[in-house]
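One structure is given below, encoded as structure tokens.
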Amino acid sequence: MSVHTPAKKKITVQTLIDMKRRGEKISMLTAYDFTTARILDKAGIDAILVGDSAANVMAGYDTTVPMTVDEMIVYAASVVRGTEHALVICDMPFGSYTNPIQGVDNAVKIMQKTGCDALKLEGGKEIGDTVRKIVEIGIPVMGHLGLTPQSIHKFGGYGLRANNEQEAEKLISDAKLLEEIGCFGIVLEKIPASLSEKVSAQLSIPTIGIGGGMCDRHVLVVDDMLGKNDGFHPKFLRTYANLHRDMTEAVGRYIADVKNRNFPNVSEQY
């Protein structure tokens, strides 16, 4: 007799908030394409972030600044098509929410064109009015504080953020504001562990760490976590595979088989 296994329940923003209340950690990875999203979803990941880090990982740019709304739509729609269970969050790219009217228009466009579950915006008080308007029309929003890559030209690098009292106090204030105006979670990137723990304890919504210490959930770029980027070893990154080595070796074996006329063999031909 076959045993029916019920499908996993779709994760929502409320699921993640409830997980925080229960003290349950939340897993998140990035994805930018259908095949990777399908693998992550089947593996049981809680949430997938379609990050504007696609600018670096997929397009080869040095920063995330060149990414456009239309490019994010292509990546996010591909991920959504590969996902049944995980919550899918899409970054709003640089320059797409400079004021509330523009922000709402682009937020609606991304949601309609991709079918994703939520959006992520970088910044605190400075974008408060925009976040509030997007939330008010029914779109879930995740915040992003600390190192905000879209402001890399302002920071002048990817160093640790909020490591002085003034910046730390502003981050705490911004985090509380984002929760107050309706964000369901906040990414804390590359800030001191003691500060991330303090912020996490003061919020009822989940915090998501990327080099952010003691948060409620953690996120890594999937290509980094799988070891596809040779030579990239920041302190916060833990690799779980070495796909750069494995893929290089596999491609080398394929090239050798073709050159030696071992591929295709008789059994591999029609």
Side-chain angles (χ1 to χ4, degrees), residues 8 11 25-68 70-91 93 114 116 120 147 149-150 152 157-158 187 189-190 208-212 217-270:
K8 291 182 179 179
I11 289 182
K25 293 294 185 179
I26 303 162
S27 61
M28 179 187 292
L29 287 167
T30 68
Y32 317 100
D33 64 273
F34 171 84
T35 302
T36 302
R38 186 167 60 173
I39 292 170
L40 300 186
D41 196 59
K42 288 186 175 182
I45 201 77
D46 295 315
I48 296 175
L49 173 64
V50 188
D52 58 1
S53 49
N56 313 110
V57 177
M58 305 299 289
Y61 292 114
D62 291 332
T63 74
T64 63
V65 172
M67 191 57 55
T68 68
D70 288 339
E71 287 172 314
M72 289 304 304
I73 286 172
V74 172
Y75 292 122
S78 301
V79 169
V80 168
R81 288 192 289 269
T83 307
E84 296 180 359
H85 168 67
L87 183 81
V88 179
I89 305 156
C90 179
D91 269 341
T114 69
C116 68
K120 180 170 75 65
L147 174 62
Q150 291 176 13
I152 192 61
Y158 292 96
V187 168
E189 181 168 357
K190 211 166 185 182
I208 305 93
I210 179 165
R217 70 177 93 158
H218 297 274
V219 61
L220 287 174
V221 171
V222 68
D223 295 71
D224 297 340
M225 184 274 289
L226 293 174
K228 291 176 71 175
N229 297 316
D230 186 40
F232 182 66
H233 301 292
K235 184 177 181 179
F236 65 84
L237 174 62
R238 182 183 298 181
T239 54
Y240 289 80
N242 190 341
L243 293 193
H244 183 275
R245 177 199 62 204
D246 295 345
M247 292 174 70
T248 301
E249 290 179 356
V251 172
R253 292 196 303 272
Y254 168 74
I255 293 170
D257 283 348
V258 171
K259 296 291 186 180
N260 295 327
R261 301 184 181 183
N262 291 329
F263 178 82
N265 60 33
V266 175
S267 66
E268 293 165 331
Q269 300 178 32
Y270 289 103

Please round to the nearest 0.5 Å and tell me the distance separating atom CD1 of Ile210 and atom CG of Asp224. 8.0 Å
Using atom types as modelled and distance alone, determine if a side-chain donor or acceptor of Thr68 lies under 3.5 Å from a backbone N or O of Glu71. yes
Return the set of residues passing side-chain contact (heavy atoms from CB on, under 4.5 Å) with Asp230 (not counting sequence neighbours), or none when no residue passes. His244
For the pair Ser78 (side chain) and Phe34 (backbone), establish whether a donor and an acceptor sit closer than 3.5 Å, ignoring hydrogens and angles. no
Rounded to the nearest 0.5 Å, what separation is found between the CG atom of Leu40 and the CD1 atom of Ile45? 6.0 Å
Nearest-0.5 Å distance that lies between atom OG1 in Thr30 and atom CG in Asp52: 11.0 Å
Are any of the side-chain heavy atoms of Pro149 and Glu189 separated by less than 4.5 Å? yes
Minimum heavy-atom separation for Ala37 and Thr83, please, with both atom names. CB-OG1, 3.7 Å
Straight-line distance of Asn242 CG to Leu226 CG, nearest 0.5 Å: 10.5 Å
Worked check of side-chain contact (heavy atoms from CB on, under 4.5 Å) between Ile89 and Met28: CA-CA 10 Å; Ile89 305 156; Met28 179 187 292; 3.8 Å; yes
Using every non-hydrogen atom in the two residues, find where Ala31 and Ile48 come nearest and quote the distance to one decimal. CB-CG2, 3.6 Å
List the residues meeting side-chain contact (heavy atoms from CB on, under 4.5 Å) with Glu268, not counting sequence neighbours, and say none if there are none. Phe263, Pro264, Asn265
The criterion is side-chain contact (heavy atoms from CB on, under 4.5 Å); which residues satisfy it with Asp223, sequence neighbours excluded? Tyr32, Val57, Val221, Lys228, Asn229
Return the set of residues passing salt bridge (Lys or Arg N to Asp or Glu O under 4.0 Å) with Asp257 (not counting sequence neighbours), or none when no residue passes. none
Could you tell me whether the side chain of His85 reaches within less than 4.5 Å of the side chain of Ile11, counting heavy atoms only? yes
Kindly indicate, with the supporting measurements, whether the criterion side-chain contact (heavy atoms from CB on, under 4.5 Å) is fulfilled by Leu237 and Thr239. CA-CA 6 Å; Leu237 174 62; Thr239 54; 4.1 Å; yes
What's the shortest heavy-atom distance between His218 and Ile208, and which atoms? C-CG2, 4.3 Å
Minimal heavy-atom distance between Cys90 and Ala76, with the atoms involved, is SG-CB, 3.7 Å
Partner residues of Val74 under the side-chain contact (heavy atoms from CB on, under 4.5 Å) criterion, sequence neighbours left out: none
Between CD1 of Ile39 and CG of Leu29, what distance do you get to the nearest 0.5 Å? 11.5 Å
Please name the pair of heavy atoms, one in Val187 and one in Lys120, separated by the smallest distance, quoted to 0.1 Å. CG2-CD, 3.7 Å
Would you mind listing every side chain to side chain donor-acceptor pair (under 3.5 Å) that reaches into residues 36-49, with sequence neighbours excluded? Ser27-Asp46, Asp33-Thr36
Would you compute the distance between atom CG of Leu243 and atom OG1 of Thr248 and round it to the nearest 0.5 angstrom? 10.0 Å
Would you say that Tyr75 contacts Thr114 through its side chain, given a criterion of any heavy-atom pair below 4.5 Å between the two side chains? no
Which heavy-atom pair separates Val65 from Gln150 by the least distance, and what is that distance? CG2-O, 3.9 Å
